[in-house]
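Everything on this sheet refers to the single structure shown next.
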Amino acid sequence: MYNIVICDDDKEIVKAIEIYLNKEGYNVLKTYNGVECLKAVKENKVHLVLLDIMMPIKDGIETIKEIRKNYAIPIIMLSAKSEDEDKIMGLNLGADDYITKPFNPLELIARVKSALRRYTTFGEYKEEKNVYRTGELVIDDNLKKIIVDGNEIKLTPTEYKILLFLTKNKGVVYSIKQIYENIWEDECYEADNIIAVHIRHIREKIEINPKEPRYLKVIWGIGYKVESEE
Amino acid sequence: MNSRKIINSICYILIPIFITVLCITLIFQIYTQKANEPKEEMQSPYQEEADKLIGSLLPYNDVMYVLIPISTVGTILCFIYLCSSIGKDNKELNIFDKIFYEVILGVVCFIVRISTLGTIAILEQYFANGTPVLSLVLSLIITCFLIMYIAIMLLLVTTIRRIKSKNFWNTTFIGRCANWLWMMVKKLWNSIRTLFTNLSESKKLFIYIAIFSLLEVLLAFMFKYVGVVLDILLVVYFYNYLMEYVKSYKMIESKLKAMYEGNDTVALNSKFLKDEFKTSINYINDVSNGLKSAVQESTKSERLKAELITNVSHDIKTPLTSIINYVDLLKKEDIHNIKAKEYIQILDSKSQRLKKLTEDLVEASKASAGAIKLNLEKIDINELIKQAIGEYEDKFNESELKVYTLYADDNVLISADSRYLYRVIENLFSNISKYALENSRVYVEIHKEYDKVILVMKNVSKEKLNVPPDELMQRFVRGDRSRNTDGSGLGLSIAQSLIEIQGGTFAIKIDGDLFKVQIEFPVQN
């Protein structure tokens with residue numbers, strides 16, 4: 001049973017999130033400003049904080065700074081500010097994730113789960129032969145299995161090969177041609193968009209939001225890569 | 001005043017006395033010296049008379065030695081005094097002083113000449129014939145000398161007076177002529193100059209060239225080799241002259257270029273340019289200032305607008321979050337009423353549409369205000385299009401569109417922000433998947449032409465395109481005007497703004513049902 005603190009000055013939003021999280025079996029503590037949020041974090045054993053930025057009395061920025069002084073719990077920022085600068089600032093201050101309003105409830109839940117999993121299973125993984133890992137994406141090449149956020153994902157053989165290749169070489173950007181030549185071990189003539197289509201399919205399967213991938217990133221005009229670590 | 005006049009008069013009298021004394025003593029000296037030499041044959045019958053005269057003076061020999069320096073010094077002093085004293089009281093010139101100096105000089109010279117000639121004639125007569133009486137001869141000679149003296153003194157006085165009143169040059173004939181000539185030259189020069197300054201520079205240049213050509217021809221005829229050297233000098237001069245124009249024009253051109261590119265900061269300084277560009281420079285500076293302030297105004301208002309839209313969209317997003325979430329929750333409730341379910345479905349799709357609209361609105365206003373931070377890097381446009389087609393493959397398949405691609409032969413690198421460039425391609429592909437006629441072909445082609453990359457997308461529209469291309473790129477305009485279809489009407493506007501801030505060009509062509517987008521970027525190597 002995980003305790004999650006929700007902090008937003010809009011009561012209806014807090015209530016809606018509570019409904020979703022309750023359905024998933026989480027215990028929710030509702031707060032409406034930074035001060036209440038800090039109090040809730042202090043008085044309970046909290047596993048995750050969902051934090052709005054623009055709030056009265058004490059805003060999200062101040063609150064996150066306060067929390068980070070004493071706690072390493074995951075914090076997901078929740079804001080109507082969708083500018084890149086806002087996201088970067090939030091992440092730099094110590095937020096684990098940043099969700100913009102209006103958000104997709106399913107995505108919110110997926111991100112909460114992922115953040116909790118990372119927090120609770122931290123350091124559980126052992127180094128194993130032929131097991132490749134980045135963040136919550138695990139490829140067990142012995143069993144030909146792919147696990148994301150604890151769930152097994154089914155991929156086609158080609159998709160599996162591509163993802164395995166990129167995960168083995170995580171952090172490195174490969175162009176379509178390079179991926180083709182490495183997977184088929186053949187000269188690339190008219191690869192066209194086969195690889196691009198496969199990559200999209202992989203993203204749709206392993207990512208919470210395929211348009212904003214966490215693992216398999218598209219570097220437009222250059223190629224693709226698997227993010228090396230979160 | 002009076003005392004000066006008296007002293008002047010004394011000087012006038014003293015001078016001839018001194019001179020006479022000097023002459024007599026000198027003659028006496030010469031004569032006595034001659035007397036000591038061995039005597040020659042007597043030529044004159046008056047030797048005796050002269051000897052007698054000299055003999056009478058002999059006892060005063062010592063006095064005479066003293067008299068020579070005294071009379072010399074006295075004469076000089078008197079002259080000096082007169083020079084300083086004359087013209088002190090009355091600086092006005094009298095009539096005599098206004099007569100041309102040359103005339104007076106001539107008359108005086110004439111008198112002096114006559115007098116000397118007269119004296120010589122008298123003396124010759126006296127020594128040759130001896131008839132006239134000595135006293136008569138002496139009186140005649142003295143008269144001649146006095147006339148000479150008066151004439152010379154008059155000349156002296158008038159000279160000094162003229163010099164002191166600073167009119168010497170003007171009272172001479174030559175001076176007058178020279179002055180007159182100088183005035184004429186000056187007048188002529190002035191009239192030429194006024195004529196010249198009123199001439200346009202091209203006419204001036206023509207005159208310069210005419211004069212110099214004439215000079216050159218003359219020089220060529222006159223001196224063979226000097227002409228060549230001067231010729232070269234003239235060519236160099238003209239080259240410099242013309243280069244100054246070229247330089248001025250270059251400065252104007254660079255200013256215009258800066259204005260065109262929008263990084264125009266420094267006003268042109270007319271000091272460094274040729275005169276005839278000055279009016280143009282003033283106009284250019286005015287236009288540039290006007291343009292700058294207009295651009296500043298419009299960017300400022302665009303930025304304010306973008307800021308306003310961003311702020312408003314924040315305020316819209318918060319209630320929208322609740323709407324989306326509660327609609328979603330409603331969907332999950334166990335509702336058996338079919339109508340209620342249908343209504344919820346409408347609410348769901350419209351709230352999603354509203355979400356998309358607010359996001360697009362913020363993006364469009366930011367893109368057109370230029371309030372986007374670009375992260376430019378070299379990207380391969382072939383790769384980008386392959387990736388984008390991969391992303392949209394299923395949507396194209398849904399609409400049963402066949403995509404034909406033509407890539408540039410080699411890797412074509414352009415400088416762009418890959419995320420924003422993809423956003424543009426995404427917008428365009430999304431439009432194609434929405435508005436292209438089902439079962440038709442879509443062409444995506446990349447050409448490299450010299451230093452440009454041209455990306456062309458062609459598709460056949462489902463609906464009749466009854467909007468001109470320019471209007472299509474404006475915000476909130478859609479091809480079908482009825483606004484029934486999904487989308488915000490901001491796609492093309494965003495695409496155009498994003499391409500332009502990345503340094504590319506974006507154009508739309510409509511030919512019947514054929515919808516064609518052309519994007520151009522400069523090639524980076």
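Quick note on labels: first sequence line is chain A, next is B, and so on, each numbered from 1. Keep in mind it's a predicted model, so treat the numbers as computed, not measured.
In terms of modelled atom types and a separation under 3.5 Å, the side chain of B:Lys317 and the main chain of A:Ala80 share a donor-acceptor contact.
If you tally non-hydrogen atom pairs under 4.5 Å between each of A:Val197, A:Asp52, A:Asp10 and chain B, the highest count goes to A:Val197.
Contact annotation for residues 320-329 of chain B against chain A (heavy-atom separation below 4.5 Å, listed by residue number): B:Leu320, B:Thr321, B:Ser322, B:Ile324, B:Asn325, B:Tyr326, B:Asp328, B:Leu329.
Residues B:His314 and A:Met54 are in side-chain contact: their nearest non-hydrogen atoms beyond the backbone lie under 4.5 Å apart. In this structure, the side chains of B:Gln387 and A:Ile176 come closer than 4.5 Å at one or more pairs of heavy atoms. Side-chain contact check for A:Trp220 versus B:Glu426: every heavy-atom pair is 4.5 Å or farther apart.
In this structure, chain A has a heavy atom under 4.5 Å from the backbone of B:Lys378, while its side chain stays farther away. For chain B, the nearby part of A:Lys23 is the side chain; its heavy atoms alone come within less than 4.5 Å. For B:Val403, no part lies near chain A; criterion is any non-hydrogen pair under 4.5 Å. The contact between A:Ile19 and chain B is made entirely by side chain atoms (from C-beta outward), counting heavy-atom distances below 4.5 Å. Of the two parts of B:Asp315, neither the backbone nor the side chain holds a non-hydrogen atom closer than 4.5 Å to a non-hydrogen atom of chain A. Contact of B:Thr358 with chain A is not made at all, since no heavy-atom distance falls under 4.5 Å.
Checked for salt-bridge contact, A:Lys211 and B:Glu391 miss the test: no charged N lies under 4.0 Å from a carboxylate O.
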Distance-only criterion, 3.5 Å: show the donor-acceptor pairs between side-chain atoms of residues 106-115 of chain A and protein atoms not counting sequence neighbours.
{"unit_1": "A:Glu107", "atom_1": "OE1", "unit_2": "A:Asn209", "atom_2": "ND2", "d": "3.4"}
{"unit_1": "A:Glu107", "atom_1": "OE2", "unit_2": "A:Arg111", "atom_2": "NE", "d": "2.9"}
{"unit_1": "A:Glu107", "atom_1": "OE2", "unit_2": "A:Arg111", "atom_2": "NH2", "d": "2.9"}
{"unit_1": "A:Arg111", "atom_1": "NH1", "unit_2": "A:Asp97", "atom_2": "OD1", "d": "2.9"}
{"unit_1": "A:Arg111", "atom_1": "NH1", "unit_2": "A:Asp97", "atom_2": "OD2", "d": "3.1"}
{"unit_1": "A:Lys113", "atom_1": "NZ", "unit_2": "A:Glu24", "atom_2": "OE1", "d": "3.3"}
{"unit_1": "A:Ser114", "atom_1": "OG", "unit_2": "A:Arg118", "atom_2": "NH2", "d": "3.1"}
{"unit_1": "A:Ser114", "atom_1": "OG", "unit_2": "A:Asp149", "atom_2": "OD1", "d": "3.1"}
{"unit_1": "A:Ser114", "atom_1": "OG", "unit_2": "A:Arg214", "atom_2": "NH1", "d": "2.6"}

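B:Lys516 NZ: more than 12 foreign heavy atoms inside a 6.0 Å radius. Surrounding NZ of B:Lys300 are at most 12 heavy atoms belonging to other residues, nucleotides or ligands under 6.0 Å away. For NZ of A:Lys87, the number of neighbouring non-hydrogen atoms (other residues, nucleotides, ligands) closer than 6.0 Å is greater than 12.
Sequence neighbours left out, the pairs with a member in residues 448-458 of chain B that pass side-chain hydrogen bond (donor to acceptor under 3.5 Å, both in side chains) are B:Lys452-B:Glu520. Listed by first then second residue, pairs satisfying ring-ring contact (aromatic ring centres under 6.0 Å, His included) with a partner in residues 150-173 of chain A read A:Phe165-A:Tyr174, not counting sequence neighbours.
For the atom pair CD (B:Glu383) and CD1 (A:Ile195), the distance works out to 10.0 Å, reported to the nearest 0.5 Å. Taking CD from B:Glu359 and OG1 from A:Thr100, the interatomic distance works out to 6.5 Å, rounded to the nearest 0.5 Å. Separation of atoms OG1 (B:Thr318) and CD (A:Glu12) is listed at 11.5 Å; rounding is to 0.5 Å.
Of all heavy-atom pairs between B:Gly390 and A:Ala196, the closest is CA-CB, 3.5 Å.
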